[in-house]
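Structure, as structure tokens:
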Protein chains: 2
Amino acid sequence: MKKNLGALTLLFPTPVLVIGSYDAQGTPNAMTAAWGGICCSNPPCIQVSLQKARFSHSLILAKKAFTVNIPSEKQVAEVDFLGMASGWKVRKFEKVALTPKRGEQVDAPLILEFPVSMECQLLKVIELGSHDLFVGEVLAAWADEEILNDKGFPDPQKAKPLSFVPYDKSYYGIGPRVAWSFEVGKSLM
Amino acid sequence: MKKNLGALTLLFPTPVLVIGSYDAQGTPNAMTAAWGGICCSNPPCIQVSLQKARFSHSLILAKKAFTVNIPSEKQVAEVDFLGMASGWKVRKFEKVALTPKRGEQVDAPLILEFPVSMECQLLKVIELGSHDLFVGEVLAAWADEEILNDKGFPDPQKAKPLSFVPYDKSYYGIGPRVAWSFEVGKSLM
């Protein structure tokens with residue numbers, strides 16, 4: 001039996017992303033966001049949706065740039081802190097052992113301890129209501145060399161990314177590989 | 001050491017979503033999408049990004065409605081098939097043991113075998129390049145009663161949603177709970 005739970009964004013799991021930006025004085029800020037994802041392949045684009053009142057919202061609008069960082073399981077306390085604390089009130093990088101470093105392509109900070117980071121140039125802002133949807137074009141994607149597989153891309157079992165389940169208020173790790181894509185479905189073609 | 005892999009959408013994991021729609025004759029179609037996510041809380045909105053040439057793209061534009069279904073691990077072959085086969089060439093529901101049922105709120109088919117389904121009304125279409133970003137407002141969110149936890153929301157360990165890692169061409173299961181959100185980071189506040 002199906003139950004109608006109402007008008008809810010019951011999508012899960014979502015990725016766990018840490019968004020980096022600078023203020024006008026060049027002070028770095030970072031916030032955790034779970035409302036985000038890939039939204040275009042060419043040009044390569046990512047969307048992150050932020051509440052209008054967020055400090056990062058004003059910074060990204062001003063600089064037209066942000067980074068999208070993928071943290072690892074072991075950094076879950078820092079990730080949760082970066083989602084709770086506000087850059088309006090506290091310099092978050094003074095509270096956590098994380099290192100911001102200016103991107104090579106955009107004026108936004110990469111976070112060195114996270115295994116993957118992308119530099120994004122702001123392309124579009126779409127007002128939706130509580131959140132504005134920011135589309136960023138990825139200009140560079142950085143990964144720790146020690147997590148790369150033999151094809152040169154991050155191995156998820158080494159990167160150990162987090163996922164978020166909003167209505168469960170929980171972070172989850174990545175499980176085992178279930179199947180290869182564009183492969184397991186061939187039996188039905 | 002960090003390595004620049006180039007201008008890539010290196011975001012992972014992404015959710016695995018099956019998008020349901022009807023054509024003008026009421027024939028149901030479904031396609032798997034991994035470029036999607038939550039994008040607003042109020043109104044509750046989800047974004048899915050589809051290539052312009054996709055059959056589903058034309059159907060959603062015509063009906064201004066779609067469903068977002070969350071399949072389970074055991075349905076990975078069907079999911080992969082729904083991402084490979086084209087609705088321009090084949091009636092996909094004739095090839096798989098999945099049951100479409102018209103939504104109560106919108107003119108799009110829920111897929112009954114999947115543990116979670118949302119009915120979405122098309123709010124906006126944003127052209128980005130290879131993909132158009134569709135924003136849908138969620139009008140109803142359906143879940144199997146047997147996967148609900150004691151708070152009335154889906155238990156991820158019962159729903160067993162898939163995640164996708166694009167550059168790894170793989171579907172992954174959900175791992176163990178790593179931490180509670182808005183909780184584990186309090187030690188740093």
Side-chain angles (χ1 to χ4, degrees), chain A residues 1-5 7-14 35-46 49 73 76-77 80-81 84 95 116 118 126 128-131 133 138-143 145 153 156 161 165 167-181 184-185 188, chain B residues 1-5 7-14 35-46 49 73 76-77 80-81 84 95 116 118 126 128-131 133 138-143 145 153 156 161 165 167-181 184-185 188:
Chain A
M1 277 292 290
K2 297 274 184 193
K3 186 174 178 185
N4 183 354
L5 305 185
L8 304 178
T9 52
L10 204 62
L11 188 155
F12 62 93
T14 76
W35 288 190
I38 298 172
C39 62
C40 190
S41 300
N42 185 16
C45 293
I46 285 173
S49 295
E73 276 189 23
V76 69
D80 198 41
F81 166 79
M84 285 192 290
K95 303 282 187 183
V116 172
M118 287 164 274
I126 296 108
L128 295 175
S130 61
H131 290 64
L133 187 160
V138 183
L139 301 185
W142 298 88
E145 288 195 20
F153 294 111
V165 181
Y167 286 97
D168 193 47
K169 291 194 175 63
S170 299
Y171 301 104
Y172 284 85
I174 197 162
R177 177 184 282 122
V178 173
W180 296 97
S181 62
V184 66
L188 295 164
Chain B
M1 278 291 291
K2 296 274 184 192
K3 187 174 179 184
N4 184 353
L5 305 185
L8 304 178
T9 53
L10 204 62
L11 188 155
F12 61 93
T14 76
W35 288 191
I38 298 172
C39 63
C40 191
S41 299
N42 185 19
C45 294
I46 285 173
S49 294
E73 276 189 23
V76 68
D80 198 42
F81 166 79
M84 286 193 290
K95 302 283 187 182
V116 173
M118 287 165 274
I126 297 111
L128 295 175
S130 61
H131 289 65
L133 187 159
V138 183
L139 300 186
W142 297 88
E145 288 195 22
F153 294 111
V165 181
Y167 285 97
D168 192 48
K169 291 194 175 64
S170 298
Y171 301 103
Y172 283 85
I174 197 162
R177 178 184 281 121
V178 174
W180 297 97
S181 62
V184 65
L188 294 165

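By convention in this document, chain letters (A, B, ...) are assigned in the order of the sequence lines, proteins followed by strands, and residues within each chain are numbered from 1. Note that the structure is a prediction, hence the values are computed from the model and not measured.
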Leading residue by heavy atom contact count with chain A [cutoff under 4.5 Å; candidates B:Ala140, B:Pro176, B:Ala141, B:Ser49]: B:Ala141

Heavy-atom side-chain contact between [X] and [Y] under 4.5 Å:
| X | Y | answer |
| --- | --- | --- |
| A:Leu133 | B:Ile126 | no |
| A:His131 | B:Ser41 | yes |
| B:Pro161 | A:Pro13 | yes |

Part of [X] lying under 4.5 Å from any heavy atom of chain A:
| X | value |
| --- | --- |
| B:Val138 | both |
| B:Leu8 | both |
| B:Ile174 | both |

Neighbour count above 12 (heavy atom, 6.0 Å) for B:Lys2 NZ: yes

On a heavy-atom basis, which atom in [X] and which in [Y] lie closest, and how many Å separate them?
| X | Y | answer |
| --- | --- | --- |
| B:Phe81 | A:Leu188 | CE1-O, 3.4 Å |
| B:Leu128 | A:Cys40 | CB-SG, 3.9 Å |
| A:Gly175 | B:Tyr172 | O-CD2, 3.3 Å |
| A:Ser170 | B:Ser181 | N-OG, 3.8 Å |
| B:Gly185 | A:Asp80 | N-OD2, 2.8 Å |
| B:Glu145 | A:Lys3 | CG-CB, 3.9 Å |

Option that, when pairs with chain B are counted at under 4.5 Å, heavy atom only, ranks first among A:Phe153, A:Trp180, A:Tyr171: A:Tyr171

Heavy-atom pair count under 4.5 Å with chain B, highest-scoring of A:Pro44, A:Gly36, A:Ala179, A:Pro43: A:Ala179

A:Leu139 side, atom CG; B:Asn4 side, atom CG - distance, nearest 0.5 Å: 10.0 Å

Chain B contact via A:Met118 - which portion, at a heavy-atom distance below 4.5 Å: side chain

Proximal component of A:Leu10, with respect to chain B [non-hydrogen, under 4.5 Å]: both

